[in-house]
Protein chains: 2
Amino acid sequence: MRTKSESRRNTILDAAFQVFLENGFSAASMSEISARVGGSKATLYSYFASKEELFVAVIHQFADDQFAELLGMLDLQADLAVALEEFGACFIKLVSHPDLIRMYRNVVGESSHSEIGRMFYARGPQELHKEVSLFLQQCMAQGKLRQADSHIAAQHLVGLLYAEMRDATLFGILENPAETAIQAASQRAIEVFLRGYAVPGTVIT
Amino acid sequence: MRTKSESRRNTILDAAFQVFLENGFSAASMSEISARVGGSKATLYSYFASKEELFVAVIHQFADDQFAELLGMLDLQADLAVALEEFGACFIKLVSHPDLIRMYRNVVGESSHSEIGRMFYARGPQELHKEVSLFLQQCMAQGKLRQADSHIAAQHLVGLLYAEMRDATLFGILENPAETAIQAASQRAIEVFLRGYAVPGTVIT
DNA sequence: TTTTAGTAATACTGTACAGTACGGTTTAGT
DNA sequence: ACTAAACCGTACTGTACAGTATTACTAAAA
């Protein structure tokens, strides 16, 4: 007898990702997804019980994929400013990528009438926050940063990194910022962060 | 003969606001809006040519209403830290208000397939940014803050204010934070901001 | 009073789509 | 080869809703 294959499931997930990306949740149609998979709608529904369930699966995989690369890239050995600037540039690059922006919009758009927002948050931003928070805590212990609540500091760091481009990308004013612009924004953010969390006794230059 | 009244238009706008708030753009129905207005659908369409046009009108009025109260509340005479903390608390309170969050989600959700995002940005965040930026520029001129690009500084300030609660409110983890929590978050953000933009020569404590 | 634009109530058109039903077909394990 | 599950294609059901059309009613302006 035949068995449902994992690869088929992934094919569906890929097609669904495309369609959701292009149309958003409500405007995406299950017929189009199944058409793009190449199979029939019945098959689709044998893998995923509903449109919403499929969307959730897509979001989960997407969050896992995207945020994975950022996790663990903070290096305690390296110079703090350099490490943070590199991390910052990667972060900004990720969160201003057109695909992520579109998915982000879709997730946010659905957050009023479902659990999708919470799920996405837990898998993406939340995970990242933990990582950054832990890193900063260790920096504080090493005396590279002043003593403070590392959770708040992590949020401040990410907030500063978001600061220059978040609204502009979300609302469609800015798309695909240049690598150099990203690095510059990261540097500016990190400079302010490091000043804000400098150890006591430091003299501002 | 009869004339289309401004008050009727506003009634429609109010009802539409409610319905869009509760359901989001695509799930909201024109029939329900007209039912809530009390009139007929034809009347609705005589005031607004389409669902999208009505939504745009709602967004515009909403943005104007909401951001107006924040504009001009930055006082150059007052102590800088106090002025910023008060402004910050008002800002956070505004952007974490359940109604604004829901509308924000709706606007962001529609930003992939229309100009709505750009319109909203221009009327809300953009206006606010100008104001904050101007204020900070004057502070720099007065020597209260170090010399820097005031536009970037404004974005950093707002980014820090958003930092603790933005994702949590957008994704539905946090709703209606307490006044005290808001004030505390504002204080922490302003502290980091003031350290980050302190004038040269200041010794960190 | 007589126009005339505005309004109401309601029915209708056209379309789009989620989800199902079903008969025939392919694939893999036995 | 046999068989059971997965699969295809396609048609179908039911529903929901944007936008229009119709007809009759109402209020203000001439």
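In what follows, chains are A, B, ... by sequence order, proteins preceding strands, each numbered from 1. A quick note: this is a predicted structure, and the numbers were derived from the prediction, not measured.
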*Is any side-chain N of the basic residue among A:Lys130 and A:Glu127 closer than 4.0 Å to the acidic one's carboxylate O?*
yes
*Answer yes if the ring centres of B:Phe62 and B:Tyr104 are under 6.0 angstrom apart, and no otherwise.*
no
*May I ask you to decide whether A:Lys93 forms a salt bridge with A:Glu69, counting only side-chain N to carboxylate O separations under 4.0 Å?*
no
*Base, sugar-phosphate alone, or nothing: which one does B:Ala28 contact when heavy atoms must sit under 4.0 Å apart?*
sugar-phosphate
*Is a donor on one side and an acceptor on the other found under 3.5 Å between the side chain of A:Arg102 and the backbone of A:Leu21?*
yes
*asked:* Rounded to whole Å, how long is the line connecting atom CZ of B:Phe25 with atom P of D:dA16?
replied: 19 Å
*Please determine, for the side chain of A:Ser40, which listed nucleotide (C:dT7, C:dG19, D:dC8) has the closest atom?*
D:dC8
*For the side chain of B:Ala42, counting heavy atoms from C-beta on, which of D:dA21, C:dG19, D:dC8 is nearest?*
D:dA21
_From CA spacing to verdict: side-chain hydrogen bond (donor to acceptor under 3.5 Å, both in side chains), A:Ser111, B:Arg105_ = CA-CA 7 Å; A:Ser111 292; B:Arg105 284 178 189 149; 4.7 Å; no
_At less than 3.5 Å, do the side-chain atoms of B:Lys41 and the base atoms of D:dG19 form a donor-acceptor pair?_
yes
*Hey, could you give me the CZ/CD1 distance between A:Arg9 and A:Ile12, rounded to the nearest 0.5 Å?*
8.5 Å
*Nearest whole angstrom, please: distance from the P of D:dT15 to the NZ of A:Lys51.*
18 Å
_Using whole Å, what does the distance between atom P of nucleotide C:dG14 and atom CE of B:Met30 come to?_
21 Å
*B:Tyr47 side-chain N/O to C:dG6 phosphate OP1/OP2 under 4.0 Å*: no
_Close aromatic pair by centroid cut-off 6.0 Å: B:Phe48 and B:Phe55_ = no
*Output the single nucleotide from D:dC17, C:dA9, D:dC8 whose closest atom is nearest the side chain of B:Ser29.*
D:dC17
*Once you round it to whole Å, what is the distance between P of D:dT15 and CD of B:Glu32?*
19 Å
*asked:* From CZ of B:Phe55 over to P of D:dA18, roughly how many Å is that when rounded to an integer?
replied: 13 Å
*Between C:dT7 atom P and B:Arg9 atom CZ, what is the distance in whole Å?*
13 Å
_Nearest to the A:Ser50 side chain among D:dG9, C:dG19, D:dG19, which nucleotide is it?_
C:dG19
*Could you state the CG-P distance from A:Leu44 to D:dG9, rounded to the nearest angstrom?*
14 Å
_I need the CG-P distance between A:Asn23 and C:dA16, as an integer number of Å._
14 Å
*Given C:dA18, C:dA8, D:dC7, which nucleotide is nearest the side-chain atoms of B:Arg8?*
C:dA8
*Determine, for nucleotides 23-30 of chain C in 5'-to-3' order, which nucleotides have protein heavy atoms under 4.0 Å from the base (write B), from only the sugar-phosphate (write S), or from neither (write -).*
---BBBB-
